[in-house]
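Input: a single structure, listed below in structure tokens.
Below, chain A is the first sequence line, B the second, and so on; all start at residue 1. Because the structure is a prediction, the values reported are computed rather than measured.
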Amino acid sequence: MKTSARTGKIRKILRARYSDVRTQLDYENPFELLVSTILSAQCTDKQVNIVTKALFKKLKTPYDFANAPAEIVEQLIRPTGYFRNKAKNIINCSKAIIEKFNGEVPASLEELTGLPGVGRKTANVVLGAAFGIPGIVVDTHVARIAQRLDFSDNKDPVKIEFDLMEIIPKKEWNDFCLHLIYFGREICKSRKPLCPDCPVTKLCDYKDKSFA
DNA sequence: CTCCCGATAT
DNA sequence: ATATCAGGAG
């Protein structure tokens, strides 16, 4: 099971293949990153970036969002899906940031997850990219690949997060998750994983034999 | 567990 | 037609 040597080999291969990883979300400041990450739920980063380009021209600060009518925000973010929930969360989130944190995005996991619409995944993305604070980001790709590569037996994202925290050095938490995400988009895809092209296939027991 | 939900790939 | 995309709340 989680042999440390095998984990090290996989980390090294992915690190070499995906050098210089970074979030694909476009943002100018921590608040924009927070909004973009909320919008990224069940949506591609590409689609989020299309929407936020126009969105952030009209609404920039927590004060702008807190005072904006829900219908306006809904229309601006509609193409990302879940637009009613997301609009409500972003507006309430903005109000909370103003009231509790003087208009500044807080830089701790506890404070971030206390905001409406912000779970551990979103919080860890913001902590890592905006504040340089290490965190394991368990999104759909990380959860899927953690199981395929046998990094975790759990299906619960929070348990996967803690399993990975034990296996991966803290300094590499953020980059490691980004490596898995890049890897998940390119090779270890949910639907049709490209096992024949996979750089870590020899270290992996998961084999998808249904590729066309 | 269900609900939220549009855009794109297969 | 169905599955999936940097999930979170009730």
Self-check item: Min side-chain heavy-atom separation Y182(A)-I187(A) under 4.5 Å
Solution: no

Quiz item: Would E186(A) and Y18(A) count as having a side-chain donor-acceptor pair, cut-off 3.5 Å?
Solution: yes

Quiz prompt | K86(A) NZ - dA6(C) P separation (whole Å) | solution = 11 Å

Exercise. Starting at atom CZ of R191(A), determine the distance to atom C1' of dT8(B), rounded to an integer number of angstrom.
Key: 10 Å

Quiz prompt | Whole angstrom value for the distance that separates C1' of dC5(C) from CD of Q24(A) | solution = 14 Å

Quiz item: Can you tell me how far P of dA6(C) sits from CD of E161(A), to the nearest Å?
Solution: 19 Å

Practice problem: Using a strict cut-off of less than 4.0 Å between a Lys/Arg side-chain nitrogen and an Asp/Glu carboxylate oxygen, indicate whether K121(A) and E161(A) qualify as a salt bridge. | Solution: no

Self-check item: Short side-chain N/O contact to dC5(B) OP1/OP2 from R84(A), under 4.0 Å
Solution: yes

Practice problem: For Y82(A), enumerate each residue passing the side-chain contact (heavy atoms from CB on, under 4.5 Å) test, keeping only those at least two apart in sequence or located in another chain. | Solution: Q42(A), K86(A)

Quiz item: By a strict heavy-atom criterion of less than 4.0 Å, which residues belonging to residues 106-126 of chain A are in contact with DNA chain B?
Solution: none

Could you list all N or O pairs between the protein and nucleotides 1-3 of chain B that sit under 3.5 Å apart?
none

Practice problem: Whole angstrom is fine here: how far is it from CG in D26(A) over to C1' in dA6(C)? | Solution: 14 Å

Exercise. Following the transitive rule for hydrophobic clusters with a side-chain heavy-atom cut-off under 4.5 Å over Ile, Leu, Val, Met, Phe, Trp and Tyr, establish whether I91(A) and Y63(A) coincide in one cluster.
Key: no

Self-check item: Shortest side-chain distance from F83(A), nucleotide among dT10(B), dC5(C), dC5(B)
Solution: dC5(B)

Practice problem: Drop me the distance from C93(A)'s SG to F65(A)'s CZ, to the nearest 0.5 angstrom. | Solution: 10.5 Å

Quiz prompt | Ionic contact status for R22(A) with D175(A), cut-off 4.0 Å | solution = no

Quiz item: Tell me, which of residues 136-145 of chain A have any heavy atom that sits under 4.0 Å from an atom in DNA chain C?
Solution: V137(A), D139(A), T140(A), H141(A), R144(A)

Self-check item: Side-chain touch F56(A)/E28(A), heavy atoms, less than 4.5 angstrom
Solution: no

Quiz item: Taking atom C1' of dG6(B) as reference, at what distance in whole Å does atom CD of Q75(A) sit?
Solution: 13 Å

Self-check item: Spacing of the C1' atoms in dC5(C) and dC4(B) (rounded, Å)
Solution: 15 Å

Quiz item: What do you reckon, do Y82(A) and the base of dC4(B) stack, with centroid distance below 5.5 Å and planes below 30°?
Solution: yes

Quiz item: Starting at the 5' end of DNA chain B and moving along, which residue's nearest nucleotide shows up first, P79(A) or K189(A)?
Solution: P79(A)

Quiz prompt | Separation of atom CZ in R185(A) from atom P in dT8(B), rounded to whole Å | solution = 16 Å

Self-check item: Separation between the P atoms of dT2(B) and dA3(C), rounded to whole Å
Solution: 15 Å

Quiz item: Heavy atom of residues 33-63 of chain A under 4.0 Å from DNA chain C: which residues?
Solution: S40(A), A41(A), Q42(A), C43(A), T44(A), D45(A)

Quiz item: Using atom C1' of each nucleotide, how far apart are dT2(C) and dC5(B) to the nearest Å?
Solution: 15 Å

Self-check item: salt_bridge(E172(A), R15(A)) N-O dist < 4.0 Å
Solution: yes

Quiz item: Given the P atoms of dG8(C) and dA7(B), what is the spacing between them in whole Å?
Solution: 22 Å

Exercise. Consider only side-chain N and O atoms of Q47(A) and T44(A), and report whether a donor and an acceptor are under 3.5 Å apart.
Key: no

Exercise. Using heavy atoms and a sub-4.0 Å distance, could you list which residues of residues 173-181 of chain A are near DNA chain B? By number, please.
Key: none

Quiz item: With rounding to whole Å, what would you report as the distance between dA6(C) and dT10(B) at their P atoms?
Solution: 14 Å

Practice problem: Answer yes or no: are there more than 12 heavy-atom neighbours, outside D205(A) itself, under 6.0 Å from its atom CG? | Solution: no

Quiz prompt | Euclidean distance, atom CG of residue N89(A) to atom C1' of dC4(B) [Å, nearest integer] | solution = 10 Å

